[in-house]
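Scroll down for the structure; my scribbles are underneath it.
Values below: all heavy atoms of this structure, side chains included; hydrogens, waters and symmetry mates excluded. Proteins get letters first, then strands, A, B, ... in listed order; numbering begins at 1 in each.
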2 protein chains.
Amino acid sequence: MTIRVLVADDQSMVRAGFRMLLSGEPDIDVVAEASNGLEAIDKAARFDPTVVLMDIRMPDLDGLEATRRILAADPDARVLILTTFDLDEYVYEALRAGASGFVLKDDPPEQLLAAIRTVAAGDALLSPTITKRVIEQFTRIPRPAPPKELEELTGREREILRLVAGGLSNAEIAEELTISETTVKTHVTHILHKLHLRDRVQAVVLAHQTGLFEASARPPAV
Amino acid sequence: MTIRVLVADDQSMVRAGFRMLLSGEPDIDVVAEASNGLEAIDKAARFDPTVVLMDIRMPDLDGLEATRRILAADPDARVLILTTFDLDEYVYEALRAGASGFVLKDDPPEQLLAAIRTVAAGDALLSPTITKRVIEQFTRIPRPAPPKELEELTGREREILRLVAGGLSNAEIAEELTISETTVKTHVTHILHKLHLRDRVQAVVLAHQTGLFEASARPPAV
DNA sequence: TTCGGCCTCCTCCCCAGGTAGGAGGCAGCG
DNA sequence: CGCTGCCTCCTACCTGGGGAGGAGGCCGAA
């Protein structure tokens, strides 16, 4: 099964470069090109590529917004962001927009190919320099002292609170912990009562002010 | 310049496997082995390896604590964490402990080799499946990296956002600013769209993480 | 003057989230 | 043994919040 690629970049030289690079790979086909965001959305819909290689800086509509819209239309679409600059803000933006990966145009060709295959396989990938920064972001932590009332929470409740503080909905939390949404609601209700809070929004505020969120950001449980 | 590797894993078969795998690489030498955390710390100090391949589950002292201590002794040390299960909830803890990367033992050999070289070069790396999870975690949560969109907010919108971040309901905000609740809703809707957020909960998370919520610290009444 | 951005307010509609109340399973403890 | 706390899940109900869409007034820039 060949990997169908859409190349979206406003510079024709870059597109040509990718065509050239990818033409040497038997398992990868470039099925379309786009020179701006709007075109990318259109072609993505019409050619249904396995992977969209997306530049960020493009006329008409930038790659980030284009990514958002493509993902909105087809949540299963995979977008691999290409960029020349390794500016942080774009990374976070891109990830939040739903991109599956982020590579630099001057990464070595084998890395680019590997990235395309990785993303096509449904995994995610960041180029190493980017990974490093993401990890650094992720890692730095403050930690004040928690109010004693927090201690009245059971282990499970604290776990739930952490996820609530991460901005997750009850449904997402349920999926995360593989329990029913009803159960999540029960826990949330108990948390609110114990902490004398009105709604989850206040719980988020409290969690962040006590540093509980940063202190214990937890991974998804697959 | 060859890459000097220390392999720390309690299973001798795993150590042997790595010796075998790495012996085929001219630029990589296994200079020492350790079968538990304490030994790993000791050998790391004595052999000064370029990269430490570290298992998490080990007797005496687990890989996370060993990583912390090695990093404490030598901040430039590079530790690449190995794990068997990709459900390992220790990913984040490992990163926080200062590990440079995280790979699965059953990743394809080329990936493992690439990981070692990447880490040796001073970059960071997560295996694709792990990256995917980190990203998922990362994306549903509005993240730091002050989104430039924050600047696109009008003065009024920012004012509203601050109050939202304080845990106030729309009605309370309306009263606070002596405008109608409808107007507040309109502003909130605009804020969410501009920042690409789903609901006010995520807005609160974002506001707190970007430090936007400084002055008007009005915690939810205990 | 016209145009666009901002602030204000409205209606109609839907759903996620919170409340109330109950219930079964399980483990630890006196 | 029975009691208690925790986790799990359920139904039924109501409301706050968010989406969509429209609208009028004010002000500064072109």
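- Between atom CG of residue B:L177 and atom CG of residue B:L163 there is a gap of 5.5 Å, rounded to the nearest 0.5 Å.
- Interatomic distance, B:D42 CG to B:I70 CD1, rounded to the nearest 0.5 Å: 10.0 Å.
- Summarising the geometry, the separation between NE2 on B:H190 and P on D:dG17 is reported as 17 Å, rounded to the nearest angstrom.
- Within the 4.5 Å cutoff, no side-chain heavy atoms of A:T2 are placed close to those of A:I28.
- Residue A:E157 contributes atom CD, which lies 11 Å from atom C1' of D:dG5 at whole-angstrom precision.
- B:I56 CD1 to B:D10 CG: the interatomic distance, rounded to the nearest 0.5 Å, is 12.0 Å.
- Using a 4.5 Å heavy-atom cutoff, the side chains of A:V103 and A:Q111 are not in contact.
- For C:dT8, one of the phosphate oxygens OP1 or OP2 lies less than 4.0 angstrom from a side-chain nitrogen or oxygen of B:R156.
- For the OP1/OP2 pair of D:dT8 and a distance below 4.0 Å, the side-chain nitrogens and oxygens of A:H187 include at least one atom meeting the criterion.
- D:dC10 atom C1' lies 14 Å from atom CD1 of A:I179, rounded to whole Å.
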TODO: Scan nucleotides 25-30 of chain D nucleotide by nucleotide, 5' to 3', and note B when protein non-hydrogen atoms come under 4.0 Å of the base, S if they reach only the sugar-phosphate, - if neither.
DONE: ------
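- Within 6.0 Å of atom CD in B:E175, 12 or fewer heavy atoms from other residues, nucleotides or ligands are found, so the atom counts as exposed in its surroundings.
- The distance from atom CD1 of B:I191 to atom P of D:dG19 is 12 Å, rounded to the nearest whole Å.
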- [ ] Scan nucleotides 10-19 of chain C nucleotide by nucleotide, 5' to 3', and note B when protein non-hydrogen atoms come under 4.0 Å of the base, S if they reach only the sugar-phosphate, - if neither.
- [x] BB-----BBB
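- Going from atom CD1 of B:I160 over to atom C1' of C:dC9 covers 13 Å, rounded to whole Å.
- Of the charged side-chain nitrogens involved, none lies within less than 4.0 Å of a carboxylate oxygen, so that B:E33 and B:K43 do not count as a salt-bridged pair.
- Nucleotide D:dC9 holds its C1' atom 15 Å from the CG atom of A:L177, rounded to whole Å.
- Salt-bridge formation is not detected for the pair A:E181/A:K185: no Lys NZ or Arg NE/NH1/NH2 atom is positioned less than 4.0 Å from an Asp or Glu carboxylate oxygen.
- We find the CD1-CZ distance between B:I173 and B:R200 to be 5.5 Å, quoted to the nearest 0.5 Å.
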